[in-house]
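Inspection log for the structure reproduced underneath, given as structure tokens.
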Amino acid sequence: MMNNATPHTIDVALGERSYPVWIGRGLLDDHARWRAMLRGRHALIISNRTVAPLYLERVARGLDGLRWSSFLIDDGEAHKSFANVGLALDALATLGATRDACVIALGGGVVGDLAGFTAACWMRGIDFIQMPTTLLAMVDSSVGGKTGVNLPAGKNLAGAFHQPRAVVADIDTLDSLPEREYRAGIAEIIKGAAIGDAPFFTWLEQHAQALNTRYETALVQAIAAKVRYKAGVVARDETEQGERALLNLGHTFGHALETAGHYTTLLHGEGVAIGMLLAARLSERLGMSGPADTLRLEHLLKAVGLPTTVPAGSDPQQLLALMRLDKKNTAGTLRLILWRRIGQAEIVTGVNEADVLAILQKATTEQR
Ligand SMILES: NC(=O)c1ccc[n+]([C@@H]2O[C@H](COP(=O)([O-])OP(=O)(O)OC[C@H]3O[C@@H](n4cnc5c(N)ncnc54)[C@H](O)[C@@H]3O)[C@@H](O)[C@H]2O)c1
């Protein structure tokens with residue numbers, strides 16, 4: 001579809017490294033807009049074998065007159081690997097890319113993280129543009145400059161902060177996104193509201209049905225609200241010295257659930273959904289928050305079709321052991337993101353493992 005309206009524009013304010021996030025229809029075809037961000041004569045499109053057949057041609061048409069090529073990875077989290085960064089760097093070398101070259105990331109968070117890291121590595125850092133094609137990537141991974149890959153030792157263990165020059169979120173691409181992936185992206189939208197924007201949480205409760213049907217006006221509003229929220233946090237705390245850690249609400253529980261399922265049982269957004277609910281229950285247990293907010297979160301997650309119970313057969317002791325490995329912990333204590341109420345998350349250190357275990361045990365024995 002061709003561009004038919006001025007896109008929403010949100011600026012990530014980082015001084016001379018500030019960049020726009022454009023959200024709207026037909027943006028991949030709006031070549032004049034994003035091509036203006038390319039400074040040199042070389043471009044490498046990084047995508048995967050699912051997304052490239054759908055959208056690569058539309059991007060390539062905008063690179064007329066430049067020296068460009070593409071590098072495609074296989075689909076899936078397992079391919080967010082160092083080996084593929086090496087191959088992508090080889091592709092830049094083959095292209096003869098100079099320091100003013102640009103990497104274009106066309107795909108979901110897997111492609112975006114890998115392409116951003118590749119751009120951070122080539123000649124110690126060149127430009128890259130994010131063209132997110134999943135809802136999760138539009139509202140979360142494409143914004144904020146966290147790039148990286150997985151190692152055999154763990155997820156996202158190698159990486160760099162490297163901000164893109166622009167984010168081009170063409171919501172046309174969501175038309176082909178499978179339902180389950182779409183809902184996983186909604187989880188990341190709910191997360192933003194749960195952490196720091198109570199009015200937005202209420203808005204989401206009121207528009208859950210509209211979001212389920214991908215009603216455009218509501219969808220664009222929701223994407224823009226989450227991006228605006230994240231852009232503010234990133235501008236205040238780019239390298240996660242403080243406030244940015246709040247964005248990990250539900251992640252410690254969620255990552256443990258994802259890892260226990262070997263990344264095949266739950267999508268990242270689904271892990272975050274269940275994780276947020278467990279974090280809310282733990283907050284309640286610790287006397288930080290009341291039951292009404294936990295219930296509202298549970299209802300909203302259910303209203304948009306997200307899971308709210310841990311997968312059958314989950315082992316509380318194994319989950320706790322996995323939570324101990326989280327990057328956010330300092331020696332010997334659990335450091336978790338919990339909340340006081342909807343819209344007010346908090347970093348809590350020294351959380352008692354017995355309390356966490358009690359929440360996990362209850363979750364594995366009780367279907368609420
Ligand atoms: N950098 C960050 O700040 C950050 C934040 C959150 C998550 N992440 C990372 O993001 C990754 C998850 O991202 P994701 O959920 O986008 O997963 P993904 O990139 O694996 O995409 C999900 C699936 O959708 C397919 N797909 C993508 N766009 C499509 C489209 N328009 N139509 C049809 N199919 C399409 C993909 O091929 C894939 O099968 C994880 O690696 C996670 O660690 C990074």
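In listed order, ligands and their atoms are each counted from 1.
There is a side-chain donor-acceptor pair under 3.5 Å between Q241 and T239. For the residue pair Y55/S176, the side-chain donor-acceptor check at 3.5 Å is satisfied. Judged by distance alone, the side chains of T308 and E298 never bring a donor and an acceptor atom under 3.5 Å apart. There is no side-chain donor-acceptor pair under 3.5 Å between S18 and D11.
For the ligand labelled ligand 1, residue M138 lies outside the 4.0 Å heavy-atom shell.
With respect to the salt-bridge test (charged N to carboxylate O, under 4.0 angstrom), the residues R165 and D127 qualify. Here R17 pairs with E238 in a salt bridge; the nearest charged N to carboxylate O distance falls below 4.0 Å.
Within the 4.5 Å cutoff, the side chain of L56 has heavy atoms near those of the S70 side chain. In this structure the side chain of I347 reaches within 4.5 angstrom of the side chain of L246, judged on heavy atoms. Looking at P316 and K362, their side chains never come closer than 4.5 Å, going by heavy atoms from C-beta outward.
The contact set between ligand 1 and Y55, taken as ligand atoms under 4.0 Å from a residue heavy atom, comprises 31 (N). Close approach to K230 involves these atoms of ligand 1, each under 4.0 Å from a residue heavy atom: 3 (O). Atom numbering of ligand 1 starts at 1 in the shown order; those under 4.0 Å from a heavy atom of T50 are 37 (O).
When only interatomic distances are considered, the shortest N/O to N/O separation between R244 and ligand 1 does not fall below 3.5 Å. For ligand 1, the polar-atom distance check finds an N/O of S176 within less than 3.5 Å of one of the ligand's N/O atoms. Below 3.5 Å of separation, one finds an N or O of G109 facing an N or O of ligand 1. Between D140 and ligand 1, not a single N/O pair is under 3.5 Å apart. The N/O atoms of H268, backbone and side chain alike, include none that comes under 3.5 Å of an N/O atom in ligand 1. The shortest N/O to N/O separation between T134 and ligand 1 falls below 3.5 Å. The shortest N/O to N/O separation between V110 and ligand 1 falls below 3.5 Å.
Given atom 26 (N) of ligand 1, the protein heavy atom at minimum distance is V51 CG2, 3.9 Å. The protein non-hydrogen atom at the shortest distance from atom 7 (C) of ligand 1 is L136 CD2, 3.8 Å. For atom 43 (O) of ligand 1, the nearest non-hydrogen atom of the protein is K155 NZ, 2.9 Å. Scanning the protein for heavy atoms near atom 4 (C) of ligand 1, the closest one is S141 CB, 3.2 Å. Looking from atom 28 (N) of ligand 1 to the surrounding protein, the closest heavy atom is T133 OG1, 2.7 Å. In terms of protein heavy-atom proximity, atom 35 (C) of ligand 1 is closest to L177 CD1, 3.8 Å. At the shortest separation from atom 40 (C) of ligand 1 among protein heavy atoms lies E77 OE1, 3.2 Å.
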task: Applying salt bridge (charged side-chain N to carboxylate O under 4.0 Å, His left out), run through D293 and R341 and close with a yes or a no.
output: CA-CA 6 Å; D293 284 356; R341 58 184 62 80; 5.6 Å; no
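Listed by first and then second residue, the ring-ring contact (aromatic ring centres under 6.0 Å, His included) pairs that reach into residues 123-163 are F128-H162, sequence neighbours excluded. Among residue pairs with one or both ends in residues 97-119, those qualifying as salt bridge (charged side-chain N to carboxylate O under 4.0 Å, His left out) are K80-D113; sequence neighbours excluded.
Between W34 and H31, the angle of the ring planes goes over 60°, which puts this pair in the perpendicular group of the 30/60° scheme.
Contacts between N48 and ligand 1, counted as non-hydrogen atom pairs separated by less than 4.0 Å, involve the side chain only. When heavy-atom distances to ligand 1 are checked against a 4.0 Å cut-off, N150 has no atom that comes that close, whether in backbone or side chain.
With E181, R180, H79, K80 as candidates, the residue nearest to atom 24 (O) of ligand 1 on a non-hydrogen basis is E181. Of the candidates G145, A78, P178, P178 brings a heavy atom nearest to atom 34 (N) of ligand 1. When the heavy-atom distances from atom 37 (O) of ligand 1 to N156, D170, D75, V272 are ranked, the shortest goes to D75.
Geometrically, R296 does not engage F201 in a cation-pi contact defined by less than 6.0 Å to the ring centre and at most 45° from the axis.
At a distance under 4.0 Å, a protein heavy atom can be found next to atom 9 (C) of ligand 1.
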